[in-house]
Structures are given as structure tokens and as C-alpha cells.
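Structure, as C-alpha cells:
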Amino acid sequence: MRLRERDKQDVGVYKLLGRSDDVYQWHNPKMIRAAVYPAGRSLDPKVYGERVTDMRLMLYDGEEKLEVGMGVSLDGALPAYRIKSLEPWAHQRAVLELIPPGRRG
């Protein structure tokens, strides 16, 4: 199944440089086109618990290699989410976890 272009948005993905005083530090972003949705009922609350309400699903079918731990920015600012897990489908399906505001970098 191919992702529809109308469902995609510009998303910045950041590789993790490291952490200093519990605050993430990121490389410069690479811009990709991906579909991002609220996790809602797609994730099992038994696995992720109450955090499900702060999580998103990202579907990506481009060339860029996504990795667990990468930062994801939906609005062009610093990453507000990080990739919690990846699943290979016909495209890459990433579960995004909200980064607390004081730790975004």
C-alpha cells in the first residue's frame, strides 16, 4: 500500500548527538515527507500505558533511513517527539513518543 501525497506533511528528523544535563542535543535536521497521525486506538495501552495519548504514528515511504531514538519535528522548531519503535511494512511505521518540553534541547 502506497501513502497518498495529500496525507503527507513536511517533517524534520534529527539524529541524536548526545545528552547534556538530561537535555537532548541534535544534529541538523533532514526534511522528509511523512504522514503523522494521533496514535489513538492503533497502539495497545497494555504496552504503552497512559502515554498513548501523547504518542503519534508516523508512516514514511521515502529513501531516508529512520532509526530508533531520532528526534522528529512537526512544526519546524526543535524536535517535540522521538522515535520509540520502528516496524518495517511496505513503508516504515514509527511510533513517536513526546519529549518533555524541558528536555528537547
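FYI, side chains are in, hydrogens and waters are out, and symmetry mates aren't considered; it's all heavy atoms of this structure.
- Atom NZ in K15 sits 10.0 Å away from atom CG in L66 (nearest 0.5 Å).
- Two different hydrophobic clusters hold L74 and V95 under the rule that ILVMFWY side chains link at heavy-atom gaps under 4.5 Å.
- In this structure a side-chain-to-backbone donor-acceptor pair under 3.5 Å is missing from D21 to V23.
- V36 and L98 fall within a single hydrophobic cluster, where Ile, Leu, Val, Met, Phe, Trp and Tyr side chains are chained together by heavy-atom contacts under 4.5 Å.
- Side-chain contact between E67 and I83: absent, with no pair of heavy atoms (C-beta onward) separated by less than 4.5 Å.
- Between K84 and V68 there is no side-chain heavy-atom pair separated by less than 4.5 Å.
- Proximity of V13 to Y60: side-chain heavy atoms (C-beta onward) are nowhere separated by under 4.5 Å.
- Residues K30 and E64 form a side-chain contact, since some pair of their non-hydrogen atoms from C-beta on lies under 4.5 Å apart.
- Between R33 and E5 there is a salt bridge, with a side-chain nitrogen of the basic residue lying less than 4.0 Å from a carboxylate oxygen of the acidic one.
- Every residue two or more places apart in sequence or in another chain was checked for a side-chain contact (heavy atoms from CB on, under 4.5 Å) with L78, and none qualifies.
- Under the 4.5 Å side-chain heavy-atom criterion for ILVMFWY residues, a single connected hydrophobic cluster contains both L86 and M70.
- Contact annotation: the side chain of L57 approaches that of R93 to within less than 4.5 Å [non-hydrogen atoms, C-beta and beyond].
- Within the 3.5 Å criterion, the main-chain N or O of V72 finds no donor-acceptor partner in the side chain of R82.
- Of the possible polar contacts, none joining the R19 side chain to the Y24 backbone as a donor-acceptor pair under 3.5 Å is found.
- Remark: of the listed residues L96, I32, D75, I32 is the sole one forming a side chain to side chain contact (heavy atoms under 4.5 Å, CB included) with V11.
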Practice task
Could you please spell out the steps behind the side chain to side chain contact (heavy atoms under 4.5 Å, CB included) verdict for R56 and Y37?
Solution key: CA-CA 6 Å; R56 303 279 182 264; Y37 305 98; over 6 Å; no
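- For the pair Y14 and H27, the minimum side-chain heavy-atom distance is 4.5 Å or more.
- L16 places a side-chain heavy atom less than 4.5 Å from the side chain of W26.
- Counting heavy atoms from C-beta outward, R104 and P79 have side chains that stay 4.5 Å or more apart.
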